[in-house]
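Written below as structure tokens is the structure these notes are about.
None of these values were measured; they are calculated from a predicted model. Basis for what follows: all heavy atoms, side chains included, without hydrogens, waters or symmetry-related copies. First the proteins, then the strands, lettered A, B, ... as listed; each starts at 1.
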2 protein chains.
Amino acid sequence: MTYSSKTKQSDISLSNCGYSKVLDIISNKWTVLVIYAMENGKIRYGEMLRRVEGISKKMLTQTVRKLERDGLVQRHIIPTVPPSVEYSLTPLGETLLQPMKELRQWGRVNYTQVVEARANYDFAYTTTEEKFRL
Amino acid sequence: MTYSSKTKQSDISLSNCGYSKVLDIISNKWTVLVIYAMENGKIRYGEMLRRVEGISKKMLTQTVRKLERDGLVQRHIIPTVPPSVEYSLTPLGETLLQPMKELRQWGRVNYTQVVEARANYDFAYTTTEEKFRL
DNA sequence: CAGCATCCGCCACGATACTG
DNA sequence: CAGTATCGTGGCGGATGCTG
């Protein structure tokens with residue numbers, strides 16, 4: 001969705017690869033964090049705004065609407081004054097939690113190695129002139 | 001990487017959440033597809049270009065360089081004329097394959113439900129006037 | 001064959017202000 | 001409290017052309 005889907009048929013295309021379909025859903029800045037905020041059950045709009053550091057009201061609304069459209073999130077409006085709204089994962093949304101947690105686990109375990117690899121790479125491709133400044 | 005990392009500390013921030021760290025690596029248009037292309041072992045540049053439908057040379061090079069920098073991919077230059085280059089996953093890169101496959105599996109199993117949910121949502125929020133045209 | 005250089009359009013995202 | 005409306009922008013990604 002994020003990108004135009006004008007791709008022809010092939011063995012690995014954006015249209016028929018399962019990866020792409022998932023990316024179509026979760027590959028943007030805030031989606032996974034918002035889902036993450038709901039992993040323990042119902043949560044109110046304002047509470048999410050506080051828990052997901054750095055997100056703006058605009059992006060939170062936009063993200064949560066998209067997830068609702070995708071059938072991953074439910075929206076419960078509680079008619080009080082002022083109104084409050086609770087969000088939670090649907091059963092379908094819950095099923096996404098498991099694979100996501102494994103990815104998170106991978107990140108926790110391996111990210112330091114990635115950071116090291118980057119440092120090595122950057123050092124190796126640094127000009128000798130720049131190296132002398134260290 | 002895709003986005004600026006100017007976020008303060010919090011319980012869910014871009015900097016300390018495992019999800020974000022993984023997204024930092026795989027969340028862009030082509031990365032997962034390129035990794036996918038290497039899941040069965042060595043593969044040459046031109047072969048990837050053909051297998052990953054729709055990717056341009058620029059983006060393939062860019063993606064593969066980033067993965068190399070992250071320590072997930074190895075580059076083997078074979079000194080022939082004209083030169084050929086083989087790419088393959090590193091041991092670290094291989095470890096990412098498992099969680100990625102589960103995500104792909106999730107996509108295969110559940111994507112149709114997502115598509116249905118979207119159709120329902122769009123229909124529900126279509127104006128009655130537009131509905132009459134159906 | 002396997003790239004790199006350049007130019008450019010587009011849209012995801014951020015900031016700000018207003019509302020029921 | 002939980003949103004909408006509007007405007008501005010950075011940089012991702014596409015297209016094209018050139019090299020060793």
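- Between the side chain of B:Y45 and the main chain of B:K57, a donor-acceptor pair closer than 3.5 Å is present.
- Spacing between atom CD of A:Q62 and atom P of D:dA2 amounts to 19 Å, rounded to whole angstrom units.
- Listed nucleotides: D:dG3, C:dC1, C:dG14. Nearest to the side chain of A:W30: C:dG14.
- Computed from coordinates, the A:I77 CD1 to D:dG3 P distance equals 7 Å when rounded to whole Å.
- Distance, B:I78 CD1 to C:dC1 P: 14 Å, rounded to whole Å.
- From A:M59, atom CE reaches atom CG of A:L33 across 11.5 Å, with rounding to the nearest 0.5 Å.
- The separation between A:H76 atom NE2 and D:dG3 atom C1' is 18 Å, rounded to whole Å.
- Summary of the strand contacts: A:K58 and A:Y87 both lie near DNA chain D, and taking for each the nucleotide with the nearest heavy atom, the more 5' one is attributed to A:Y87.
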Next item on the list: Output, in order, the C-alpha distance, side-chain angles, deciding distance and verdict of side chain to side chain contact (heavy atoms under 4.5 Å, CB included) for A:V85 and A:I78.
Entry: CA-CA 6 Å; A:V85 180; A:I78 304 166; over 6 Å; no
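- Residues satisfying the side chain to side chain donor-acceptor pair (under 3.5 Å) test with B:D122, not counting sequence neighbours, are A:R69.
- No N or O donor and acceptor, one from the side chain of B:K29 and one from the base of D:dG13, sit under 3.5 Å apart.
- In this structure, NZ of B:K57 is placed 12 Å from C1' of D:dA15, rounded to the nearest angstrom.
- In this structure, A:L60 atom CG and D:dC1 atom P are separated by 14 Å, rounded to whole Å.
- Here D:dG14 presents its P atom at 12 Å from CD of B:E53, a figure rounded to the nearest Å.
- For C:dA2, neither phosphate oxygen OP1 nor OP2 lies less than 4.0 angstrom from any side-chain nitrogen or oxygen of B:R50.
- Looking at the side chain of A:R65, the nearest of the listed nucleotides D:dT4, C:dG3, C:dG14 is D:dT4.
- One hydrophobic cluster, built from ILVMFWY side chains closer than 4.5 Å, holds both A:M100 and B:L97.
- Residue B:R44 places its side chain closer to C:dA2 than to any other of D:dG14, D:dG3, C:dA2.
- In terms of position along DNA chain C, the nucleotide closest to B:E86 lies nearer the 5' end than the nucleotide closest to the other residue of the pair B:E86 and A:M59.
- At the heavy-atom level, A:S56 lies nowhere under 4.0 Å from the strands shown.
- One atom, CG of A:L49, and another, P of C:dG14, lie 12 Å apart when rounded to the nearest Å.
- Regarding contacts with the backbone of D:dA2, every side-chain N or O of A:R75 stays at 4.0 angstrom or more from both OP1 and OP2.
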